[in-house]
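Some notes on the structure that comes next.
In the text below, chain A, chain B and the rest are named by the order of the sequence lines, each starting its count at 1.
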Protein chains: 2
Amino acid sequence: MALGILGSEGEAALTMRRLADACGVTPMAIYHHVTDKAALLELAVNQVVLDALPGRTASPLPWREELVRTVSAFRNALVDNPGAGRVFVRQAVVGSGTAAVTEIMLRLLNEAGLTGDAVVEAADSLTLVVLGSVVNELTRPPAVRERLIGHLAESETPFLVQHLPAYAHRDPEKRFLRALGWLIDGFERDRDIGG
Amino acid sequence: MALGILGSEGEAALTMRRLADACGVTPMAIYHHVTDKAALLELAVNQVVLDALPGRTASPLPWREELVRTVSAFRNALVDNPGAGRVFVRQAVVGSGTAAVTEIMLRLLNEAGLTGDAVVEAADSLTLVVLGSVVNELTRPPAVRERLIGHLAESETPFLVQHLPAYAHRDPEKRFLRALGWLIDGFERDRDIGG
DNA sequence: ACCTGAACACCGTTCAAGT
DNA sequence: ACCTGAACACCGTTCAAGT
């Protein structure tokens with residue numbers, strides 16, 4: 001029910017009053033099932049994450065492919081459901097879905113040969129890129145970036161003037177995958193030097 | 001005035017009514033200076049970004065040091081002023097401050113020897129890490145991560161059980177710098193292979 | 001255990017009016 | 001150009017009460 005509203009009408013539409021209406025009940029009835037609105041949103045968004053996780057394939061892929069697949073599915077679920085994505089970047093979402101993503105990331109980074117603190121730090125890095133990508137897609141569409149020009153004299157921003165068209169007109173998923181690729185390249189180089 | 005409230009009392013305290021009170025004026029008077037609340041927040045947060053940018057040093061540092069310095073200053077300003085940080089990850093902030101950061105990033109990546117689309121894609125990657133780090137610090141303190149355990153049977157999450165203490169108890173800025181380092185390593189490797 | 005009704009303390013914003 | 005006063009259409013949440 002909460003998931004339906006969040007998916008079809010967005011975050012702003014998911015108010016206690018509207019959800020109560022949709023359930024044919026009084027707003028206060030909801031408080032018998034969750035402690036407050038943040039808890040309600042946490043449950044709903046965790047479910048979105050849980051639904052997004054790909055099942056383990058029959059024959060497991062190499063760790064790098066599997067990592068990209070998992071992290072992309074995580075990101076895409078939040079970008080494709082903007083209501084859920086907006087909540088995810090505004091409050092913590094702790095549940096079976098986010099626990100499962102974290103477990104998979106840690107397992108694959110172990111498999112990749114990272115050791116010690118590098119494992120958790122690499123998992124953290126991946127999380128940053130996912131969170132950043134969700135914020136970027138949900139709040140900074142290309143048209144917004146084009147407004148960057150004109151806030152400083154053009155002579156003061158030669159590189160911005162030169163690169164803005166390419167900077168603004170991105171293929172969002174491709175840019176995310178490129179950032180992910182560079183980051184994983186960094187992990188690998190670190191592991192090879194360290195080992 | 002808006003900056004003062006945002007910095008000292010946080011985002012929730014910056015309402016049209018409270019700002020009007022602080023200015024000794026009616027809420028509606030504000031609408032004569034900005035079109036709506038989003039525009040007000042955009043102006044305030046852009047100013048926070050602008051104030052954070054380090055001036056160019058007398059003798060310029062190597063591009064990598066300068067890049068880390070700039071991007072860190074950008075992130076730290078938003079983490080240190082949670083009100084501004086929360087706004088920044090919820091809506092676009094376009095102004096002289098964000099234009100200046102983008103210009104500096106593009107200039108240094110050019111200096112680094114990146115060419116073509118790699119320049120804007122690398123700038124995008126850096127942005128993702130900054131946005132992600134701000135979200136992470138402002139919404140996911142260590143105590144939150146510890147709640148991850150228990151949402152799945154422990155036998156299903158061996159890696160989470162093993163790594164959670166290290167995963168949860170992070171030095172936030174160090175983790176950010178490590179992610180940044182890996183990413184820039186990735187840029188460099190790419191450039192060296194591509195060239 | 002589960003739900004209701006009325007109220008409290010807020011929001012951002014519109015509209016018509018004043019100087 | 002700049003500001004006021006009153007109102008509209010909402011919020012999340014508390015509290016006391018009902019079954």
Side-chain angles (χ1 to χ4, degrees), chain A residues 1-48 81-95 135 138-141 144 147, chain B residues 1-48 81-95 135 138-141 144 147:
Chain A
M1 9 200 141
L3 280 170
I5 296 178
L6 199 61
S8 64
E9 303 191 60
E11 183 210 354
L14 185 51
T15 69
M16 300 305 261
R17 283 171 161 92
R18 283 214 228 180
L19 174 61
D21 271 6
C23 297
V25 100
T26 278
M28 285 314 301
I30 302 171
Y31 286 87
H32 211 270
H33 302 93
V34 294
T35 67
D36 59 13
K37 200 192 173 186
L40 170 71
L41 291 173
E42 185 173 30
L43 286 171
V45 175
N46 179 69
Q47 193 61 48
V48 171
N81 185 336
R86 293 200 139 84
V87 171
F88 194 83
V89 300
R90 204 185 49 210
Q91 67 175 57
V93 173
V94 174
V135 169
L138 297 184
T139 69
R140 274 113 169 132
V144 164
R147 289 200 293 123
Chain B
M1 11 200 138
L3 278 170
I5 297 178
L6 199 60
S8 65
E9 305 190 60
E11 182 210 354
L14 184 51
T15 68
M16 301 304 264
R17 282 172 162 90
R18 284 214 228 179
L19 174 61
D21 270 7
C23 298
V25 101
T26 278
M28 284 315 302
I30 302 170
Y31 285 87
H32 211 270
H33 302 92
V34 294
T35 67
D36 59 14
K37 201 192 175 186
L40 171 71
L41 292 172
E42 186 173 29
L43 287 169
V45 175
N46 179 69
Q47 194 58 50
V48 171
N81 184 337
R86 292 200 140 85
V87 172
F88 193 84
V89 299
R90 206 187 47 210
Q91 67 175 55
V93 175
V94 174
V135 169
L138 297 183
T139 68
R140 273 107 171 140
V144 164
R147 291 200 294 123

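The backbone N or O of A:Arg18 lies less than 3.5 Å from a partner atom in the side chain of A:Thr15, making a donor-acceptor pair. No side-chain donor-acceptor contact under 3.5 Å links B:Glu9 to the backbone of B:Leu14. Judged purely by atom type and a 3.5 angstrom limit, B:Arg86 has no side-chain atom pairing as donor or acceptor with the backbone of B:Glu11. Although no hydrogens or angles enter the test, the distance criterion places a donor-acceptor pair under 3.5 Å between the side chain of B:Glu42 and the main chain of B:Val94.
One can place CZ of A:Arg17 at 11 Å from C1' of C:dA7, the figure rounded to the nearest angstrom. Between the CG atom of A:Asp21 and the C1' atom of D:dG12 there is a distance of 15 Å, rounded to whole Å. The CE atom of A:Met16 sits 10 Å away from the P atom of D:dT14 (whole-angstrom rounding). Remark: C1' of D:dC3 and CG of B:Leu19 are 15 Å apart, rounded to the nearest angstrom. C:dA16 atom C1' lies 11 Å from atom CE of B:Met28, rounded to whole Å. Atoms CD1 (A:Ile30) and P (C:dT4) sit 10 Å apart, rounded to a whole Å. For the pair B:Glu11 CD and C:dC11 P, the interatomic distance rounds to 13 Å; values are reported in whole Å. Across the protein-nucleic acid pair, A:His32 atom NE2 and D:dG12 atom C1' stand 18 Å apart, rounded to whole Å.
Distance check on atom P: D:dA9 versus C:dC10 gives 22 Å, rounded to whole Å. Rounded to whole Å, the C1' atom of C:dC15 lies 14 Å from the corresponding atom of D:dC3. Comparing C:dC2 with D:dA17, their P atoms sit 22 Å apart, to the nearest whole Å.
Between B:His33 and the phosphate of D:dC3, there is a side-chain N or O to OP1/OP2 separation shorter than 4.0 Å. Remark: A:Tyr31 is not in phosphate contact with D:dT14, judged by side-chain N or O atoms under 4.0 Å from OP1 or OP2. Side-chain nitrogen and oxygen atoms of B:Arg18 include at least one within less than 4.0 Å of the OP1 or OP2 phosphate oxygen of C:dC11.
For the pairing with B:Leu41, the side-chain contact (heavy atoms from CB on, under 4.5 Å) check across B:Asp36, B:Asn46, B:Val87 returns one residue only, B:Val87.
When Watson-Crick and G-U wobble pairs are counted only if both distances are under 3.5 Å, C:dC10 pairs with no nucleotide at all. With a cut-off of 3.5 Å on both pairing distances, the Watson-Crick or G-U wobble partner of C:dG5 is D:dC15.
Between A:Ala13 and B:Thr26, the one whose closest nucleotide on DNA chain D sits nearer the 5' end is B:Thr26.
For B:Val25, counting side-chain heavy atoms from C-beta on, the closest listed nucleotide (D:dG12, C:dT4, D:dT4) is D:dT4.
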